[in-house]
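So the structure is just underneath, and the comments pick up after that.
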Amino acid sequence: MELSIKGMTPLRGEIEISSSKNAILPILVAALLADESVTINKVPDISDVTIINQLINSLGVAARMEDERVVIEGQPNGHQPPYELVRQMRASFLVMGPLLARQGKVRITLPGGCAIGTRPVDLHLKGLRAMGARIDITSGDVIASAKKLIGNHIYLDFPSVGATENIMMAACLADGTTYIENAALEPEVVDLANFINHLGGNISGAGSNVIRIRGVRRLWGGEYTPIPDRIEAGTYMVAASASAGRVLIKNVVPEHIKAVTAKLKESGAEAEERGNQIEVSRKDEIRPLYIKTLPYPGFPTDMQAQYMAYLSCADGSSVITESVFENRFMHIQELMRMGARIRTEGRTAVIKGEKELTGARVKATDLRAGAALLIAGLNARGTTVISDSEHIDRGYEKIVEKLNALGAQITRQPESH
Ligand code: EPZ
């Protein structure tokens, strides 16, 4: 599918943020650890959730979406998730921890690289090996087995979100205590720990760089509501400011988007926090910024592309350094088709602000790049057509409806070439 966006439309009104994709994916996988049924509330209708539910079903566990809730029941009886599902979505690799903990074995294909880099899983495997898993890699598959996982001290060379989550899930039913040092601090990691504790787990320190997981004998069932999506919120905050509109963003945790809000204010926008709402507007010129993406609580890499689109029309030159992924600049060539002036030196991009961009035919290369092109299209002169818009639907529930309700003029149409 492709999206056609009419430019020069200031966004005005209110928008409700959905639950966090990056909290829900590990939480749904962690439900595999529970002995009884689990219900997750307020689950957005996005394609990544559909894929993870298919993956859970492929392991013999029923995952059913009923309006906004996912009910998961049954015990896993498979240990080899299907190749095509794992290749479609890197987060599938998170089933390793729960399957090792519950089945004592797992065979899973290495997740593909994607538009934002090779994305290895060495830290996931280092942690699982440290807990006693025997792991071999043959013909692109990871084959792992462990009679019983044993708690251990694990140091992460990089505070990887996925590795922290995979190890945490493996450790919560292990014998003894596991310490994850230099753990990821992301709110989604904290939400996963809170969910597992809600089922009877014993995890402390999530949100700090040392997480302690005491193994327990079993996890029972329960019901849980995940945190709001801080990246969806940040995306709409930037869209509101880029369009010089005024938008009230509802269902946010301001604490989770401090860096995004701070940089938005630095660029000359207003961002007023009111409890779990933030009102964003802008009257003055967009001031150029220096941004460096870092692990949480630093500036989030998942907001880098959106800010690049925003700063393409700043009053001066900005500098963005992407320090988390080694190749997350695929959106640059697409923004340049719209007239953006961007030069890269390795992981650093210099964006020379233009008065305005011009609508063009562009391609979404990944989820956040697609969101960036939407932001650029909303403010460009003329019409922008974004092909491969399925990438955007992976993580933004009803984004066309939500933006059109704010005055955008976006239509969804079959690919026209
Ligand atoms: C999670 O991916 C998110 N995905 C990503 O969001 C996000 O960009 C990323 O964290 C960083 O915040 C989900 O939560 C489902 P990492 P993940 O492991 O876990 C290197 C989106 O747009 N690394 O923290 O894959 C890796 O190559 C997505 O919603 C290793 O070297 O990220 C990368 O350079 C995109 N070895 C860096 O760490 C490993 O074993 C960060 O990766 C693991 C990771």
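Start at 1 and go down the list; that is how both ligands and their atoms are numbered.
- Using a cut-off of 4.0 Å between Lys/Arg side-chain N and Asp/Glu carboxylate O, R102 and D35 are scored as salt-bridged.
- The pair E36-R218 meets the salt-bridge criterion, with a side-chain N (NZ, NE, NH1 or NH2) lying under 4.0 Å from an Asp/Glu carboxylate O.
- In the vicinity of K21, heavy-atom distances shorter than 4.0 Å reach the ligand 1 atoms 21 (C), 29 (O).
- Residue P120 touches ligand 1 through backbone and side chain together, judged by heavy-atom distances below 4.0 Å.
- Remark: distances from the non-hydrogen atoms of R90 to ligand 1 include one below 4.0 Å.
- On a distance-only criterion, F158 and ligand 1 share no N/O pair closer than 3.5 Å.
- Residue-ligand proximity, L367 to ligand 1, at heavy-atom distances under 4.0 Å covers atoms 21 (C), 22 (O), 29 (O).
- Inclusion of E326 in the set of residues having an N or O under 3.5 Å from an N or O of ligand 1 is not warranted.
- Those atoms of ligand 1 with a heavy atom of R328 less than 4.0 angstrom away are 8 (O), 22 (O), 35 (C).
- Ion pairing of R134 with D136 is present here, as a side-chain N (NZ or NE/NH1/NH2) and a carboxylate O approach within less than 4.0 Å.
- No N or O atom of E165 sits closer than 3.5 Å to an N or O atom of ligand 1.
- The pair E266-K263 meets the salt-bridge criterion, since a charged nitrogen lies less than 4.0 angstrom from a carboxylate oxygen.
- With M169 as the fixed residue, the side-chain contact (heavy atoms from CB on, under 4.5 Å) test singles out one of L99, T164, L33: L33.
- Nearest to atom 42 (O) of ligand 1 by heavy-atom distance, out of Y296, F93, F325, is F325.
- The contact set between ligand 1 and R368, taken as ligand atoms under 4.0 Å from a residue heavy atom, comprises 21 (C), 22 (O), 29 (O).
- Ligand 1 has no N or O atom lying under 3.5 Å from any N or O atom of P159, backbone or side chain.
- Ligand-side atoms of ligand 1 in range of V324: 33 (C), 34 (O), 37 (C), 41 (C), range being under 4.0 angstrom from any heavy atom.
- Around OH of Y83, the count of heavy atoms belonging to other residues, nucleotides or ligands within 6.0 Å does not exceed 12.
- Considering backbone and side-chain N/O of T301, none are found under 3.5 Å from N/O of ligand 1.
- Side-chain contact between Y296 and E188 is absent, with no heavy-atom pair separated by less than 4.5 Å.
- Not a single heavy atom of A184 sits under 4.0 Å from any atom of ligand 1.
- Below 4.0 Å from some heavy atom of D122 lie the following atoms of ligand 1, by number and element: 30 (C), 31 (O), 36 (N), 39 (C), 40 (O).
- Under a 4.0 Å criterion applied to the non-hydrogen atoms of D302, ligand 1 contributes the atoms 5 (C), 6 (O), 7 (C), 8 (O), 21 (C), 22 (O), 28 (C), 29 (O), 35 (C).
- At distances below 3.5 Å, not a single donor-acceptor pair connects side-chain atoms of D48 with backbone N or O atoms of G395.
- Salt bridge R412/E401: absent, no basic N to carboxylate O contact under 4.0 Å.
- Between R328 and D302 a salt bridge is recorded (basic side-chain N to carboxylate O distance below 4.0 Å).
- Within a 6.0 Å sphere centred on NZ of K6, other residues, nucleotides and ligands contribute 12 heavy atoms or fewer.
- At least one N/O-N/O distance between G162 and ligand 1 falls below 3.5 Å.
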